[in-house]
J.: 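I have a structure here, written as structure tokens, and I will follow up with some questions on it.
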Amino acid sequence: MSQKVRVRFAPSPTGPLHIGGVRTALFNYLFAKKHGGDFLLRIEDTDQTRYVEGAETYIIEALNWLNIPFDEGPGKEKDCGPYRQSERKNLYKQYADALIESGNAYYAFDTAEELDAHRKDHEAKGKTFIYNWHNRLKLKNSLVFSAEETQRKIDNGEEYVIRFKSPENETLQLNDIIRGEMQVETSILDDKVLFKSDGMPTYHLANIVDDHLMKITHVIRGEEWLPSLALHVLLYRAFGWEAPKFAHLPLILKPTGNGKLSKRDGDKMGFPVFPLQWKTADGEEFSGYREDGYLPEAVVNMLAFLGWNPGTEQEIFNLEELVEAFELERVHKAGAKFDPEKTKWFQHQYLQKVDDEILAKDFEDYLGEKNVSTALNLTKIVTLLKERATFVSDLWEQGSFFFEAPDSYDAKAADKAFKTETPELLQKVVSIINATEDFSAENLSEKVKGWITAENIGFGKVMMPLRLALVGEMKGPDVFDILSILGKDESISRIEKAMHFIDQK
RNA sequence: GCUCUAUUAGCAUAGUGGCUAGUGCAUCUGACUUUCUAUCAGAAGACAAGGGUUCGAUUCCCUUAUAGAGUACCA
């Protein structure tokens with residue numbers, strides 16, 4: 001295999017790119033980059049009835065956000081364009097004709113209604129209607145009509161499709177990089193439509209022609225295509241082309257394990273299924289990882305582990321490391337259940353890696369949106385809070401008290417922490433704080449703890465009410481860090497406020 | 001129904017024809033002179049079932065069960 005590796009991601013623009021599609025794109029990207037190859041984007045819009053405005057833009061934006069851009073595709077035209085199948089429309093007919101010429105395909109004039117009736121009829125008898133060798137001579141097609149009659153029908157403008165003539169009795173040997181060898185009896189294959197009556201090819205024809213013309217060496221796609229593999233291999237053979245290598249990726253299943261992850265599952269179960277937010281034409285909204293505050297690196301890492309693993313215990317991989325470690329052979333065969341909790345874990349890991357200064361800037365923007373302004377050192381606050389934050393919004397969740405003094409106290413905690421002797425103790429804390437010039441957390445800690453130990457008071461009696469006074473709840477980072485950041489005046493003011501509160505109880 | 005595919009703890013998975021089947025998430029316990037949804041330490045928990053092959057199978061084969069995909073003039 002000396003030729004350059006070329007892979008493609010070929011979504012159809014019927015809506016936002018689902019997480020499973022993104023994973024397929026990612027694996028294609030990783031494989032291409034690992035082998036120094038090209039990653040192409042091809043838009044499969046042969047079904048014009050399902051075209052959705054904005055879907056293509058969405059796909060491109062999503063790939064860019066995740067940092068897995070394509071090398072060739074719409075807007076990045078190279079030698080194999082155009083990259084939208086609708087723009088390649090006039091190309092396909094000749095290939096369908098060639099197949100008819102070589103006896104591998106035929107014209108069929110059965111209407112959709114007729115076929116439907118056949119299917120219903122069979123179903124009623126508990127059988128399945130398959131359009132193939134066993135009945136094609138009883139149906140309306142160029143195999144039963146004379147050449148003249150067929151031509152006359154076409155000239156008369158009768159609608160027709162072109163069907164592939166599947167071999168009758170052959171055992172096909174199929175190979176898949178992930179799944180290995182498989183056998184399929186061609187006798188159970190049906191004569192798939194290759195060319196539709198609307199003048200467009202079906203996926204099956206278009207994808208073989210395009211993959212060939214675009215010099216695709218490896219087809220990496222979802223498992224839902226596995227049943228079509230035999231047809232595709234047969235098609236390559238009929239054309240006399242060398243087939244690319246195939247790899248079928250395992251499905252992504254719902255967290256509950258039943259069925260593949262669908263677009264509505266996410267919002268139903270409280271996690272995004274799409275990389276970017278999406279609004280449908282009729283106003284329905286789907287959340288996206290970007291808008292929910294995820295870092296693209298975290299999403300990529302999470303996606304990479306959906307059906308693949310490096311075989312080591314390392315779990316955190318940046319893009320370069322993924323490219324380095326990725327191997328199709330290590331992709332799993334079984335479906336991968338999607339775990340939103342693990343996704344959060346990845347996000348948490350990546351948030352920890354973000355530089356505090358940068359995070360502080362993001363946090364500042366977030367505060368701005370909430371109309372909170374502050375003179376406090378945000379970098380310091382971020383350093384303290386970050387460990388327990390998964391998203392930037394958690395910084396607010398964890399640390400809003402830095403910016404807003406508590407005006408009430410968590411009832412349960414107050415019950416436990418605020419006792420009759422508390423004001424007296426807090427008064428002492430105030431005087432210690434007041435007398436402290438070096439307002440570092442270490443120094444404050446030393447002073448206050450020194451006093452507690454010396455007087456043999458018990459830490460709980462002081463630390464709990466102190467925290468409650470400063471925070472309003474039993475949460476947040478180390479109490480002395482909070483004091484240090486809040487500063488002397490604010491700290492004392494909060495403590496005195498709490499003393500008042502207790503007195504009035 | 002038919003075709004194809006899969007099945008290691010609650011979940012994602014690693015791994016092996018033969019010592020205590022590894023890791024992460026979740027769970028539980030302890031510690032951090034006592035906030036915790038954080039951190040640290042520890043614990044419990046699995047090879048779907050039944051047949052073979054074999055000295056020996058979670059690992060190979062068959063059957064069953066379960067799950068999934070496909071079965072369109074959709075991709």
Side-chain angles (χ1 to χ4, degrees), chain A residues 10-14 44-47 49-50 85 108 110-112 115-116 119 122-123 126-131 159-163 174 176 179 182-185 188-190 192-204 206-207 221-230 248 250-251 253 255-260 302 305-316 330 332-339 341-346 348 384-390 394 397-398 410 413 417 449 452-453 458-461 463-464 466-468 471 473-479 482:
Chain A
S12 66
T14 54
E44 308 229 325
D45 53 355
T46 50
D47 185 0
T49 60
R50 296 209 308 160
Q85 290 185 327
D110 319 83
T111 64
L115 293 175
D116 228 35
R119 268 183 213 109
H122 276 68
E123 206 177 311
K127 291 197 280 190
T128 310
F129 176 77
I130 304 176
Y131 202 129
E159 292 213 329
Y160 67 87
V161 299
I162 297 175
R163 284 181 181 272
L174 267 22
D176 180 286
R179 284 145 215 282
M182 288 169 288
Q183 280 94 29
V184 172
E185 298 296 329
I188 54 110
L189 262 28
D190 59 346
K192 276 272 181 299
V193 171
L194 300 178
F195 202 79
K196 300 186 271 187
S197 57
D198 66 357
M200 282 291 237
T202 61
Y203 167 83
H204 297 108
N207 112 86
R221 78 233 289 199
E223 186 186 311
E224 65 270 26
W225 292 111
L226 203 50
S228 302
L229 179 59
H248 291 86
L251 264 0
L253 276 17
T256 55
N258 296 320
K260 66 174 177 179
M302 173 276 286
F305 273 72
L306 238 35
W308 172 85
N309 78 81
T312 65
E313 275 164 25
Q314 184 183 350
E315 292 199 83
I316 301 297
R330 291 203 62 88
H332 244 247
K333 286 182 251 198
K337 248 170 241 170
F338 183 79
D339 181 359
E341 288 308 312
K342 192 64 188 264
T343 310
K344 281 191 186 153
W345 180 79
F346 276 114
H348 181 260
L384 288 178
L385 258 25
K386 159 174 161 176
E387 195 176 64
R388 56 199 74 205
T390 300
D394 290 339
E397 202 69 34
Q398 293 295 330
D410 181 74
K449 283 185 179 171
I452 294 172
T453 315
F459 281 82
K461 285 188 178 150
M463 301 300 284
M464 292 217 295
L466 183 52
R467 174 177 295 278
L468 210 48
V471 179
E473 298 171 62
M474 299 307 261
K475 69 169 192 187
D478 184 76
V479 173
I482 297 174

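The sequence lines fix the lettering, A, B, ..., with proteins before strands; numbering per chain opens at 1.
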J.: Charged N to carboxylate O below 4.0 Å: is that the case for A:Arg388 and A:Glu397?
T.: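 Judged by the 4.0 Å cut-off on N to carboxylate O distance, A:Arg388 and A:Glu397 do not form a salt bridge.
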
J.: For nucleotides B:U58 and B:G51, find the distance between their P atoms and express it as a whole number of Å.
T.: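 Each nucleotide's P atom is 12 Å from the other's.
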
J.: Can you tell me how far C1' in B:A21 sits from the matching atom in B:C47, rounded to whole Å?
T.: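 It comes out at 8 Å once rounded to the nearest Å.
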
J.: Does A:Asn309 put a side-chain nitrogen or oxygen below 4.0 Å from OP1 or OP2 of B:U13?
T.: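 For B:U13, neither OP1 nor OP2 has a side-chain N or O of A:Asn309 closer than 4.0 Å.
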
J.: Listed by chain and number, what are the ring-ring contact (aromatic ring centres under 6.0 Å, His included) partners of A:Phe338, not counting sequence neighbours?
T.: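 Result, ring-ring contact (aromatic ring centres under 6.0 Å, His included) vs A:Phe338: A:Phe271.
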
J.: So, A:Lys192 and A:Asp190, do they make that salt bridge, N to O below 4.0 Å?
T.: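 Salt bridge present between A:Lys192 and A:Asp190.
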
J.: Rounded to the nearest Å, what distance is computed from the CD atom of residue A:Gln314 to the P atom of nucleotide B:U23?
T.: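 After rounding, the reported distance stands at 17 Å.
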
J.: Where the side chain of A:Glu315 is concerned, which of B:U23, B:A75, B:G24 is the nearest nucleotide?
T.: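 For the A:Glu315 side chain, the nearest candidate turns out to be B:G24.
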
J.: Would you mind telling me which of B:C73, B:A75, B:G22 lies closest to the side-chain atoms of A:Ser197?
T.: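 Between B:C73, B:A75, B:G22, the one nearest the side chain of A:Ser197 would be B:C73.
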
J.: Using a heavy-atom cut-off of 4.0 Å across all strands, would you classify A:Val193 as base, sugar-phosphate, or nothing?
T.: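 A:Val193: backbone/sugar contact only, no base atoms under 4.0 Å.
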
J.: Between A:Asp176 and A:His248 (side chain of the first, backbone of the second, donor and acceptor by atom type, cut-off under 3.5 Å), is there such a pair?
T.: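 Here the side-chain-to-backbone pair exists.
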
J.: Is the distance from OP1 or OP2 of B:A12 to the nearest side-chain N or O of A:Lys344 less than 4.0 Å?
T.: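 So the side chain of A:Lys344 is outside the cut-off, no N or O lying under 4.0 Å from OP1 or OP2 of B:A12.
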
J.: Return the value, rounded to whole Å, for the distance between atom NE2 of A:His122 and atom C1' of B:G1.
T.: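 Answer to the nearest Å: 13 Å.
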
J.: At what distance, to the nearest 0.5 angstrom, does CG of A:Leu253 lie from CG of A:Leu306?
T.: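 Here the interatomic distance stands at 9.5 Å.
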
J.: Rounding to the closest angstrom, what is the interatomic distance between B:G10 and B:U27 at atom P?
T.: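 Approximately 15 Å lies between the P atom of B:G10 and that of B:U27.
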
J.: Using the C1' atom as the reference point in each nucleotide, state the distance between B:U54 and B:C61 in Å, no decimals.
T.: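 About 12 Å, rounded to a whole number of Å.
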
J.: Whole angstroms only, please: what is the CD-C1' distance between A:Glu313 and B:A14?
T.: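 Answer to the nearest Å: 8 Å.
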
J.: Please confirm whether the shortest side-chain N or O distance from A:Arg163 to OP1 or OP2 of B:C73 is below 4.0 Å.
T.: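 A:Arg163 to B:C73 OP1/OP2: side-chain N or O found under 4.0 Å.
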
J.: Contact between A:Met474 and A:Asp410 at the side-chain level, heavy atoms closer than 4.5 Å - yes or no?
T.: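 A:Met474 does not reach A:Asp410 side chain to side chain.
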
J.: Between CE of A:Met302 and NZ of A:Lys342, what distance do you get to the nearest 0.5 Å?
T.: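 Here the rounded value is 11.5 Å.
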
J.: What's the spacing between A:Met463 CE and A:Asp478 CG if we round to 0.5 Å?
T.: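 Reported value, rounded in 0.5 Å steps: 6.5 Å.
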
J.: Can you give one letter per nucleotide of nucleotides 30-38 of chain B, 5' to 3': B if a protein heavy atom sits under 4.0 Å from the base, S if only from the sugar-phosphate, - if neither?
T.: ---BBBB-S

J.: According to the interplanar angle, ranging from 0 to 90°, do the rings of A:Phe305 and A:Phe346 count as parallel (below 30°), tilted (30 to 60°) or perpendicular (above 60°)?
T.: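 Tilted.
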
J.: Rounding to an integer number of angstrom, what distance separates B:G70 and B:C36 when you compare their P atoms?
T.: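 Looking at atom P only, B:G70 and B:C36 are 49 Å apart.
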
J.: Distance check needed: B:U23 P versus A:Ile316 CD1, whole Å only.
T.: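 That distance rounds to 17 Å.
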
J.: Just how far, in rounded Å, is C1' of B:C73 from CG of A:Asp190?
T.: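 One finds 13 Å between C1' of B:C73 and CG of A:Asp190, rounded.
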
J.: What stem regions, each of at least 3 consecutive Watson-Crick or G-U pairs below 3.5 Å, can be found for RNA chain B?
T.: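 Counting only runs of 3 or more consecutive pairs, the stems involving RNA chain B are B:1-7 with B:65-71, B:10-13 with B:22-25, B:27-31 with B:39-43, B:48-52 with B:60-64.
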
J.: For the backbone of A:Leu226 and the side chain of A:Arg221, can you confirm whether one donor and one acceptor N or O come within less than 3.5 Å of each other?
T.: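 Here the side-chain-to-backbone pair does not exist.
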
J.: How far, in whole Å, is B:A6 from B:C25 if one measures between their C1' atoms?
T.: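 Here B:C25 and B:A6 have their C1' atoms 23 Å from each other.
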
J.: Quick one: which of B:A75, B:G24, B:C73 gets closest to the side chain of A:Trp345?
T.: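 Shortest atom-to-atom distance from the side chain points to B:G24.
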
J.: Counting side-chain heavy atoms from CB outward, which of B:A12, B:G15, B:C73 is closest to A:Thr202?
T.: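 Closest nucleotide to the A:Thr202 side chain: B:C73.
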
J.: Does A:Lys344, at its NZ atom, have more than 12 non-hydrogen atoms belonging to other residues, nucleotides or ligands within less than 6.0 Å?
T.: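 Count not over threshold, so no.
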
J.: According to a strict under-4.0 Å criterion, is A:Thr46 in side-chain N/O contact with OP1 or OP2 of B:A75?
T.: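 For B:A75, OP1 or OP2 has a side-chain N or O of A:Thr46 closer than 4.0 Å.
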
J.: Tell me, for nucleotides 3-11 of chain B in 5' to 3' order, what letter each nucleotide earns: B for a base near a protein heavy atom under 4.0 Å, S for only sugar-phosphate near one, - for neither?
T.: SSSS----S

J.: What does A:Asp110 touch in the nucleic acid at a heavy-atom separation under 4.0 angstrom: a base, only the sugar-phosphate, or nothing?
T.: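 Here A:Asp110 touches the bases of the nucleic acid.
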
J.: Between A:Arg330 (side chain) and A:Asn309 (backbone), is there a donor-acceptor pair under 3.5 Å?
T.: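 Yes, the answer is positive, given that a donor and an acceptor are paired below the 3.5 Å cut-off.
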
J.: Quick check: on RNA chain B, is the nucleotide nearest A:Glu341 upstream (toward 5') of the one nearest A:Ser12, or the reverse? Name the residue that is more 5'.
T.: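 Looking at RNA chain B, the more 5' nearest nucleotide goes with A:Glu341.
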
J.: Any side-chain N or O of A:Arg221 under 4.0 Å from OP1/OP2 of B:G70?
T.: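 For A:Arg221, the contact criterion (side-chain N or O under 4.0 Å from OP1 or OP2 of B:G70) is not met.
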
J.: Heavy atoms under 4.0 Å, any strand shown: does A:Ala389 hit a base, just sugar-phosphate, or nothing?
T.: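 The answer is nothing, as A:Ala389 stays clear of every strand by at least 4.0 Å.
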
J.: Taking CG from A:Leu251 and C1' from B:A67, how many angstroms apart are they, rounded to a whole number?
T.: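 In whole Å, B:A67 C1' lies 11 Å from A:Leu251 CG.
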
J.: Provide, to the nearest angstrom, the distance between the CG atom belonging to A:Leu189 and the P atom belonging to B:C2.
T.: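 These atoms are roughly 17 Å apart.
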
J.: Have a look at A:Gly307 and say if it touches a base, only the backbone sugar-phosphate, or nothing, with a 4.0 Å heavy-atom cut-off.
T.: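 Sugar-phosphate, backbone atoms only, no base.
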
J.: How about NZ on A:Lys196, more than 12 heavy atoms from neighbouring residues, nucleotides or ligands closer than 6.0 Å, or not?
T.: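 Atom NZ in A:Lys196 is crowded, with more than 12 foreign heavy atoms closer than 6.0 Å.
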
J.: The criterion is ring-ring contact (aromatic ring centres under 6.0 Å, His included); which residues satisfy it with A:His348, sequence neighbours excluded?
T.: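 For A:His348 there are no ring-ring contact (aromatic ring centres under 6.0 Å, His included) partners, ignoring immediate neighbours.
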
J.: Of the nucleotides B:U23, B:C73, B:C74, which has the atom closest to the A:Val161 side chain?
T.: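 The answer is B:C73, which lies nearest to the side chain.
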
J.: Using atom P of each nucleotide, how far apart are B:A49 and B:G30 to the nearest Å?
T.: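 About 35 Å, rounded to a whole number of Å.
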
J.: When the C1' atoms of B:A14 and B:U8 are compared, how many Å lie between them, rounded to an integer?
T.: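 One C1' to the other, the span is 10 Å.
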
J.: State, yes or no, whether a side-chain contact exists between A:Leu115 and A:Phe129 at a heavy-atom distance under 4.5 Å.
T.: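 A side-chain contact exists here, since the closest heavy-atom pair is under 4.5 Å.
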
J.: Is the closest side-chain heavy-atom distance between A:His122 and A:Thr128 below 4.5 Å?
T.: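 Not in contact.
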
J.: Tell me: NZ of A:Lys192 to P of B:G70, nearest whole Å?
T.: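 Result: 12 Å.
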
J.: Give a yes or no on whether the backbone of A:Met200 and the side-chain of A:Thr46 come within a donor-acceptor separation of less than 3.5 Å.
T.: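 Side chain of A:Thr46 to backbone of A:Met200, a donor-acceptor pair under 3.5 Å: no, none is there.
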
J.: Just the atom pairs and distances: protein N or O near nucleotides 63-65 of chain B's N or O, under 3.5 Å.
T.:
none

